[in-house]
Asker: 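Please read through the structure below; I'll follow up with questions.
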2 protein chains.
Amino acid sequence: MVTMQDVAQAAGVSPMTVSNVVNARPHVKPETRERVLAAIQDLGYRVNAAGRNLRTGRTGTIGFAVPEIDNQYFAHLIARVVDEAAERGLRVAIEQTGATRETEIEVVSTSRNRLYDGLLLSTAGLTDADTDLLQVDYPIVLLGESLFDAPLDHIIMPNHEGAREATEHLIARGRRKIAYLKRPDTDMDPRRAGYLEAVTAAGLEPILIEIEALDIGSSARAVGAALAQGLEFDAIAAFTDNLAVGAIRGAADAGLRVPDDLLVTGFDNVPLAALTVPSLTTIAPDHAVTAHTALEFLLERMAGSTVPPRTFTIPHTLIERESSR
Amino acid sequence: MVTMQDVAQAAGVSPMTVSNVVNARPHVKPETRERVLAAIQDLGYRVNAAGRNLRTGRTGTIGFAVPEIDNQYFAHLIARVVDEAAERGLRVAIEQTGATRETEIEVVSTSRNRLYDGLLLSTAGLTDADTDLLQVDYPIVLLGESLFDAPLDHIIMPNHEGAREATEHLIARGRRKIAYLKRPDTDMDPRRAGYLEAVTAAGLEPILIEIEALDIGSSARAVGAALAQGLEFDAIAAFTDNLAVGAIRGAADAGLRVPDDLLVTGFDNVPLAALTVPSLTTIAPDHAVTAHTALEFLLERMAGSTVPPRTFTIPHTLIERESSR
DNA sequence: CTGAAAGCGCTAACAC
DNA sequence: GTGTTAGCGCTTTCAG
């Protein structure tokens, strides 16, 4: 392997000067720089990241832990984060937690090994009780659904408001029997709370359909089963766009068409939402702002900022499309 | 920061012994191990990855460069690769190339800095002419569409056969005017070749619809425009599932229903394909095998294997669903 | 503007 | 079973 030493020797300078050239530091005479660059070219030198990391204590890589990569919402967010990070010369390593508490905890603790300069953690499995596990002296920004009091910067989804608005939209469309696809794993669901608030305010009966898991197939099965059992509803407020797609699929299996027989709303505005048939009415959080702010917070922490933990609520809009027309 | 030195001192042993304990090496007396572990616990010691990396010359991280993360196909593949890698104690850093030649080249050259122990490169922009750029002394496994002669392990998609089979399927369904969604960027498209082979063999006229880009929206627009111009076709063999979804969307915009008015096939069998309405008939490459084999090849290269470059063609099946019924 | 010295934290090789 | 020595490649002082 070609080292800085080798380059220095070839160019007749000290390793320090090579380092200065490589890192584009000022105060290097142009001729010297030329000579060094030529030597680098000749020898095919590449800086060794490990040496640099050890010396500087930074790796130029941040970790991004998500429940599942294979999910439009996270894939989209990852793409945004990777791009934002690349603009700042940072790489992003993806960790997949499967939304389990154990894996999330493990990610937090192994990240501390300074493998990453900082961590974006999209939590799904952690709860209030795990707050102290997050009390680490390490830059972490939380992202996502759960709301708890960890003393960390937190980017939160407009869950309650968004779900309320989606439900209100269905009510405004004249629906009276609005079902909500209820996730099985937790009772702490701000989206459900938003749904309930809207339904109750309108004097309607809540209709909750429980799904096994947060994937398209589970949603399709749950909706199909509900219809088969004769449960009556004329609209569905789905917990996510994926579930909405599944709901449409489940309804189709039962011979119901959206929006003719059933209105459906989603949540997330994944790219696909605009392009399915029917296209999805959904709550659209601003993904670009999410990625940007998360990275901004993290970079500030990585730079040593000790301002009190901040909370940022992602701005959102309701996008009306065919599934609720 | 707590170092091995600190732990050694606290436990009354040498740093080497701490290293042995940390790395679960044999030949450490149980009591000593206990003492060391206790000290680690007490001090909250974590191994420093940078030090280890510098010493061992490995990072425990592989790079995975894909054209775009925000694409069901790659997101799905990434999820598989991340899981496979995690099982082997490796992390995966994702690089997004945007399918451009320049970025792909850059990824190859910066990976050499030993930031990653190896690289999976899903190329889309490189061509035969760039073969020598890939002649690096560094473990790389190519993955994906392009076929060229780089002296590297290569996992290839069954593009030609798959597209031929999909087209034959449409022919078997009685269709005579089968359109193909032609990607704009290249004439080297084995899938198109497969389509042409099937169409020609059946004595049919090829119908090529050019799309601007490989996303759902472009596909929808292209199909919409083709219909608006009065182009006649009764089936579409799409280059990917995404394009198939877009085609269905474009047809819907023109008042055509799939499969009533138009049959559509995709390619990739992304998870969504089973769950859209209508569900997609598609060519299904085995994603799990793809990820597994890619990682297997890469690990062997990382271990120093110098067997001649291998080629592995991903096994596939045709899955018939609603879009061609 | 450039160089010399030192050391980041870890582990391979060998000695005991 | 355990310790000693040395050094991976780089950059932070500080001196010139």
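So that the names make sense, note that chain A is the first sequence line, chain B the second, and so on, each numbered from 1.
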Asker: Which letters describe nucleotides 8-16 of chain C, given B = protein heavy atom under 4.0 Å from base, S = only from sugar-phosphate, - = neither?
Answerer: BBBBBB---
Asker: Give every donor-acceptor pair under 3.5 Å between a side-chain atom in residues 32-40 of chain A and any protein atom, sequence neighbours left out.
Answerer:
| residue | atom | partner | partner atom | Å |
| --- | --- | --- | --- | --- |
| R35(A) | NH1 | A11(A) | O | 2.7 |

Asker: Does atom CD of Q41(A) have more than 12 heavy-atom neighbours, drawn from other residues, nucleotides or ligands, at distances under 6.0 Å?
Answerer: no
Asker: Checking H154(A) against F297(A) for the ring-ring contact (aromatic ring centres under 6.0 Å, His included) test, could you report, in this order, the C-alpha distance in whole Å, the side-chain angles of both residues, the deciding distance, and whether it holds?
Answerer: CA-CA 9 Å; H154(A) 198 157; F297(A) 280 8; over 10 Å; no
Asker: Atom CD1 in I140(B), atom OH in Y116(B): separation rounded to 0.5 Å?
Answerer: 12.5 Å
Asker: Check each of T61(B), T59(B), N53(B) against D117(B) using the side chain to side chain donor-acceptor pair (under 3.5 Å) test, and report the only one that passes.
Answerer: T59(B)
Asker: Could you check if a side-chain atom of V82(A) sits within less than 4.5 angstrom of a side-chain atom of F64(A), using non-hydrogen atoms only?
Answerer: no
Asker: At a heavy-atom distance below 4.0 Å, what parts of residues 31-42 of chain A sit against DNA chain C?
Answerer: T32(A)
Asker: So where does chain A start and stop touching DNA chain D, 5' to 3', when the test is distance under 4.0 Å to a non-hydrogen atom?
Answerer: dG9(D) to dT12(D)
Asker: Could you state the interatomic distance from OG (S14(B)) to CE (M4(B)), rounded to the nearest 0.5 Å?
Answerer: 10.0 Å
Asker: Could you give the distance from OH (Y138(B)) to CG (L119(B)), rounded to the nearest 0.5 Å?
Answerer: 5.5 Å
Asker: To the closest 0.5 Å, what do you measure between CE (M1(B)) and CG (N48(B))?
Answerer: 5.0 Å
Asker: Can you list every pair that meets salt bridge (Lys or Arg N to Asp or Glu O under 4.0 Å) and has a residue in residues 78-99 of chain B, with sequence neighbours left out?
Answerer: E84(B)-R88(B), R88(B)-E296(B)
Asker: Measure the spacing between OG1 of T97(B) and CG of L121(B) and express it to the nearest 0.5 Å.
Answerer: 7.5 Å
Asker: If you measure from CG on L142(A) to CG on L152(A), what distance do you get to the nearest 0.5 Å?
Answerer: 5.0 Å
Asker: At what angle, to 10 degrees, do the two end axes of the helix from dC1(C)-dG16(D) to dC16(C)-dG1(D) meet, given five pairs define each axis?
Answerer: 30°
